[in-house]
Amino acid sequence: MELWIIASVAAAAFQTVRFMLQKHLAQVKLSAAGATFARFVYSAPIAATILLTLVALGQVKLPALSWAFWGYGIVGGAAQITATVCTVMLFGRRNFAVGMAFIKTEVLLTVLIGILVLGEAVSALGMAAIFIGLAGVLVLSGPIEANQQGWRRFLSPSAALGLLAGALFGVSAVCYRGASLQVALDAPMQRALVTLAAVTAMQMAGMWGWLKLREPGEVAKVLGAWRSAGFIGLTSMGGTFCWFTAFTLQNAAYVKTVGQIELVFGILGTVLIFRETISRREYLGMALLAASIVGLILLA
């Protein structure tokens with residue numbers, strides 16, 4: 001199995017655990033921005049330390065980073081921060097499933113953004129596999145706003161947050177691929193590590209300044225919640241490193257489609273922890289998602 005597929009599945013696993021931790025922190029201790037900041041303040045120093053250690057040992061030769069790299073990194077980092085805040089805000093809403101369903105439209109949006117920004121299109125068969133995966137995600141996510149009728153279902157606050165998050169996650173995915181391709185190193189994991197260290201450092205600094213201005217005292221809360229928030233940082237670093245590794249090797253739309261397996265991880269986690277049964281709808285959704293991922297693996 002190719003490295004980008006392994007990295008995509010690993011990133012989805014890390015992301016599933018991180019979202020569970022962020023949901024917990026958002027409910028009991030931190031604001032949406034604070035829970036988002038937790039993923040960067042604990043991961044950025046670790047990523048920087050690992051990179052600098054490898055550079056000092058001569059294992060990685062740090063290349064000159066172009067303005068294009070920093071441009072892609074800044075836009076991608078800002079988009080990811082905003083998308084994560086929108087996602088954490090969804091955790092506090094009763095109709096959480098619909099928000100997650102709309103977030104998963106990020107795959108189609110990633111295709112469009114990839115064409116516009118990097119000129120990377122997908123094949124007809126690849127697009128078919130992506131649509132099958134999207135169908136599986138929508139089936140897994142359940143009905144959309146059952147208490148609303150017609151077009152009003154698509155104009156709810158959850159839908160708006162979900163669509164915005166999906167679009168911004170698509171922007172971040174394409175920009176991160178663009179940034180990693182600017183790193184003049186041969187080894188994909190080295191390129192991913194350089195990109196990870198640079199982007200998370202910018203995100204940590206940017207969010208620290210924002211919280212100091214807009215939410216005084218929130219930084220102290222995040223630092224005080226280090227026992228829980230520290231795990232968010234670790235899972236975030238692992239997931240982001242895996243995403244970046246996959247982005248250096250494959251079209252961002254394909255990577256994000258394989259990453260949809262996180263919904264299956266979420267359902268299986270719920271079954272194993274809470275002993276809940278899996279419905280026929282969920283089995284159908286997982287089957288469609290599996291068909292989509294297998295299709296992309298065969299195409300790759």
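Keep in mind that this is a model prediction, so the values were computed, not measured.
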Closest heavy-atom pair and its distance - [X], [Y]:
X	Y	value
Met202	Gly73	CE-C, 3.8 Å
Phe69	Ala179	CD1-O, 3.2 Å
Cys86	Ala165	CB-CB, 3.9 Å
Cys175	Val75	SG-CG1, 3.7 Å
Ala12	Trp243	N-CZ2, 4.3 Å
Ala252	Arg177	N-CD, 3.8 Å

Which value, rounded to the nearest 0.5 Å, describes the distance between [X] atom [atom1] and [Y] atom [atom2]?
X	Y	atom1	atom2	answer
Cys242	Met237	SG	CE	10.0 Å
Leu3	Thr245	CG	OG1	6.5 Å
Lys61	Gln190	NZ	CD	12.0 Å
Ile261	Ser8	CD1	OG	10.0 Å
Glu218	Met207	CD	CE	9.0 Å
Tyr254	Thr110	OH	OG1	13.0 Å

Open item on the list: Tyr42 and side-chain contact (heavy atoms from CB on, under 4.5 Å): which single residue from Leu234, Thr235, Val222 fits?
Closed with: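 Answer after filtering Leu234, Thr235, Val222: Val222.
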TODO: Check whether Leu52 and Ile50 end up in the same hydrophobic cluster, where Ile, Leu, Val, Met, Phe, Trp and Tyr are linked by side-chain heavy atoms less than 4.5 Å apart.
DONE: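 Not linked; separate clusters.
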Open item on the list: According to a hydrophobic-cluster definition based on side-chain heavy atoms being under 4.5 Å apart (Ile, Leu, Val, Met, Phe, Trp, Tyr only), do Leu181 and Val194 belong together?
Closed with: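 Each belongs to a different hydrophobic cluster.
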Task: Working for side-chain contact (heavy atoms from CB on, under 4.5 Å), residues Met189 and Phe241 - done: CA-CA 8 Å; Met189 289 188 176; Phe241 176 73; 3.9 Å; yes
Between [X] and [Y], is any pair of side-chain heavy atoms under 4.5 Å apart?
X	Y	answer
Thr240	Phe14	no
Val174	Tyr72	no
Phe37	Gln203	no
Val171	Gln80	no

Task: From CA spacing to verdict: side-chain contact (heavy atoms from CB on, under 4.5 Å), Ile81, Phe40 - done: CA-CA 10 Å; Ile81 287 173; Phe40 304 121; 3.6 Å; yes
Task: Working for side-chain contact (heavy atoms from CB on, under 4.5 Å), residues Ile46 and Thr200 - done: CA-CA 10 Å; Ile46 298 174; Thr200 53; over 6 Å; no
TODO: List for me each residue that meets ring-ring contact (aromatic ring centres under 6.0 Å, His included) alongside Trp210, sequence neighbours excluded, and say none if there are none.
DONE: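 Trp210 satisfies ring-ring contact (aromatic ring centres under 6.0 Å, His included) with no other residue.
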Task: With Phe244 via ring-ring contact (aromatic ring centres under 6.0 Å, His included) - residues at least two apart - done: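 Tyr176.
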TODO: Begin from the C-alpha positions of Thr248 and Thr195 and carry the test side-chain contact (heavy atoms from CB on, under 4.5 Å) through to its verdict.
DONE: CA-CA 10 Å; Thr248 63; Thr195 308; 5.8 Å; no
Task: Donor-acceptor contact below 3.5 Å, side chain Gln250 vs main chain Val255 - done: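 Absent.
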